[in-house]
Amino acid sequence: MTGLIMLVVIGLAVLVMTGIVIGVVDSAQRRAWRRIAAERRISWEQRQQPRGHRRYYVDAWADEDTD
């Protein structure tokens, strides 16, 4: 019975240590991941803007009020 309790305690300790290690590694890499995400977002935003075209705001509800 004592062996089973020790096995459970050791298993929980391993889970806690794994969580701590993952948390530390993740926080260390956070700055790099945010920089990569910002670069990708800027690149995506630049691709979404049409080249040489002006964007006009169109109110879709305006034409219904003029009938």
Side-chain angles (χ1 to χ4, degrees):
M1 187 69 171
T2 307
L4 183 59
I5 293 173
M6 286 302 293
L7 183 63
V8 170
V9 170
I10 291 172
L12 289 174
V14 167
L15 286 175
V16 168
M17 291 302 294
T18 303
I20 291 171
V21 169
I22 289 173
V24 168
V25 170
D26 185 45
S27 67
Q29 295 293 326
R30 185 176 299 150
R31 182 178 293 157
W33 284 115
R34 287 186 185 212
R35 182 183 48 81
I36 291 169
E39 291 172 358
R40 288 180 179 176
R41 180 173 180 89
I42 290 170
S43 174
W44 177 82
E45 287 175 348
Q46 289 174 348
R47 286 193 314 264
Q48 298 305 310
Q49 294 177 354
R51 306 267 185 234
H53 293 95
R54 296 180 122 192
R55 287 187 151 178
Y56 296 101
Y57 177 74
V58 178
D59 189 5
W61 298 100
D63 60 342
E64 293 178 7
D65 295 338
T66 59
D67 288 342

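Both backbone and side-chain heavy atoms feed into the values below; hydrogens, waters and symmetry mates do not.
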How long is the span from the CZ atom in Arg41 to the CZ atom in Arg34, to the nearest 0.5 Å?
->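 With rounding to 0.5 Å, CZ (Arg41) is 14.0 Å from CZ (Arg34).
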Inter-residue atom distance Leu7.CG - Leu12.CG, 0.5 Å rounding |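 Interatomic distance, Leu7 CG to Leu12 CG, rounded to 0.5 Å: 9.5 Å.
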Residues forming a side-chain hydrogen bond (donor to acceptor under 3.5 Å, both in side chains) with Glu39, sequence neighbours excluded = Arg35
